Student: 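So that we are looking at the same thing, I have put the structure below in structure tokens.
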Amino acid sequence: PAPRGALPGHTFPAGFAWGAATAAYQIEGAAAEGGRTPSIWDVFSHTPGRTANGDTGDIAVDHFHRFREDVRMMADLGLTSYRFSLSWPRIQPTGRGPAVERGLDFYRALTDELLSYGITPVATLYHWDLPQHLEDLGGWTVRDTSARFADYTALAAEALGDRVSTWTTLNEPWCSAFLGYGSGVHAPGRTSPAEALKAAHHLNLGHGLAVGALRAALPASAQIALSLNLHQVRPLSDHPADAEAARRIDAVGNRIFTGPVLHGAYPADLIADTGRIVDWETLVRPGDLDEISRPIDLLGINYYTPTLVSAAENAKPAADSEIHGASAHSPWPGADDVAFHLAPGEVTAMGWPIDATGLTDLLLDVHRAHPGLPMLITENGAAFDDVPGPDGIVHDADRIAYLHDHLVAVARAIEAGADVRGYYLWSLMDNFEWAYGYAKRFGAVHVDYTTLARTPKASATWYSEVIRRGGLG
Ligand code: GBH
């Protein structure tokens, strides 16, 4: 084996998946076609003041009608895999009852097209677009939604299981629970710490029940994952109060999911931190943890930036502008005494500090805590202020540098023993960036929002060369 620190050409394991990712509401459009009914993101984005410029996903980048062109583009880039999500309200409009065949037909056609080019489809069952009908009944704050999610999962797996062998249940349940029901910056826009914690448990339960439904419907060779936006939490200083702040954020940001899913228990410190907000004894019923901890085959990790924290008392008021995440309603129940900071240095167009060491550290932390657990980078990428040059091409050297450094970070983790099986660039193409609307561009492929024309950026061309070589060598 190569000595530690030596990276001969930054090679990646044979069979490593070189992919790109998207999500249904961010790209599909066709919001009212084929029997689809509104999701919480349709209602939220159509509510004045919720998204930048009042942008919605009504049309998005019209992938629903242009998917053949988009798959050809993926093939031209040389992607070996593509991660996308299924729109629950396109498949099961009210969140219960039989599947709508026209909805399933779209995903049958999409996956057939991918397979015809030899591109492996990876389907995510839930990337934030809950049928509004279920939200009207309480959404993720009520237990019944977990069972509804399992039923929908069974319908999707029965219809697509012959062509999709890798599945992820939820994308970033932290965002669904704490941005959706805590800070309210995501749909459904509710702002209750107690409801957010209930949502987190019901998302975990939904995940576990969905794993059961997938195992029942799919062949034994199927690969089942959960995608988490694990926070690489770093204390601002070695002051004990800052370490305590980091512990709290690790608990309610990470271990609230990895605890029950991978160890079959909620962490005692999380329960202590949040026990005054929610009654865990009644929330978690007998048997829930057995469901939630059904074995998964892969852990999906979405990484963008580290999370730098201190005790609030250690945050200098004069440096207020450096403290972010400050909103009227916190997405961090039980952590009111924690302050969030931006590390000095370069940031993306989102204002997120660029630090690839966070990805190596995160992968190695997971590797040490869960030895042998295979991982997928299900999202990594960056928004920049892209401007097409005179040649009509976006020459995004900043994005190439970001991707290069993060791929090196992945290679370093692999070299140190982490079992990372693939990398999915976020995102294949520019799309609806949630509360930021179309103002932020994460794509490797540029989308002209007037003509909807797709044009690969320099980063797409660079990435296709990385794929062709099997690494950075
Ligand atoms: C992912 O969310 C989503 O899965 C994807 O749909 C989205 O388009 C993409 O990333 C880009 O945003 O919130 O200021 O404290 C990532 C969401 C980003 C939430 C980092 C936590 C921490 C910075 N996460 N964020 S802040």
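Bear in mind the structure is a predicted one, so any value in this text is a computation, not a measurement. For ligands, and for the atoms within them, numbers begin at 1 and follow the listed sequence.
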Student: Under a 3.5 Å distance rule, please check whether Tyr449 uses its side chain to pair with a backbone N or O of Asn431 as donor and acceptor.
Tutor: yes

Student: Record the part of Phe340 in heavy-atom contact with ligand 1 below 4.0 Å; permitted values are side chain, backbone, both and neither.
Tutor: neither

Student: Ignoring angles and geometry beyond distance, decide whether Glu172 reaches within less than 3.5 Å of ligand 1 through its nitrogen or oxygen atoms.
Tutor: yes

Student: Below 4.0 angstrom from a heavy atom of Asn171, which ligand 1 atoms are there? Numbered from 1 as shown, please.
Tutor: 4 (O)

Student: Is Asp419 paired with Arg421 through a side-chain N to carboxylate O contact shorter than 4.0 Å?
Tutor: yes

Student: State the atoms of ligand 1, each with its element, that fall below the 4.0 Å cut-off from a heavy-atom position in Gln26.
Tutor: 5 (C), 6 (O), 8 (O)

Student: What residues, two or more places apart in sequence or in another chain, satisfy ring-ring contact (aromatic ring centres under 6.0 Å, His included) together with Trp167?
Tutor: none

Student: Which of the numbered atoms in ligand 1 are under 4.0 angstrom from any heavy atom belonging to His127?
Tutor: 3 (C), 4 (O), 5 (C), 6 (O)

Student: Any idea which of Phe432, Trp174, Trp352, Phe178 brings a heavy atom closest to atom 23 (C) of ligand 1?
Tutor: Trp352

Student: Could you tell me which residues satisfy side-chain contact (heavy atoms from CB on, under 4.5 Å) with Pro193, sequence neighbours excluded, listed by chain and number?
Tutor: Ile277, Pro333

Student: Of Thr111, Thr22, Thr120, which meets side chain to side chain donor-acceptor pair (under 3.5 Å) against Tyr82?
Tutor: Thr22

Student: For ligand 1, is any non-hydrogen atom under 4.0 Å from Glu433's backbone (N, CA, C, O), its side chain (CB onward), both, or neither?
Tutor: side chain

Student: Purely on distance, is any nitrogen or oxygen of Asn431 under 3.5 Å from one on ligand 1?
Tutor: no

Student: Compare Tyr304, Phe442, Trp426 and give the one whose heavy atom is closest to atom 10 (O) of ligand 1.
Tutor: Tyr304

Student: For the ring pair Phe67 and Phe106, is the centre-to-centre distance below 6.0 Å?
Tutor: yes

Student: With atoms numbered from 1 as shown, which atoms in ligand 1 lie under 4.0 angstrom from a non-hydrogen atom of Trp434?
Tutor: 5 (C), 6 (O), 7 (C), 8 (O)

Student: Verify the ring-centre separation between Trp18 and Phe12: is it less than 6.0 angstrom?
Tutor: yes

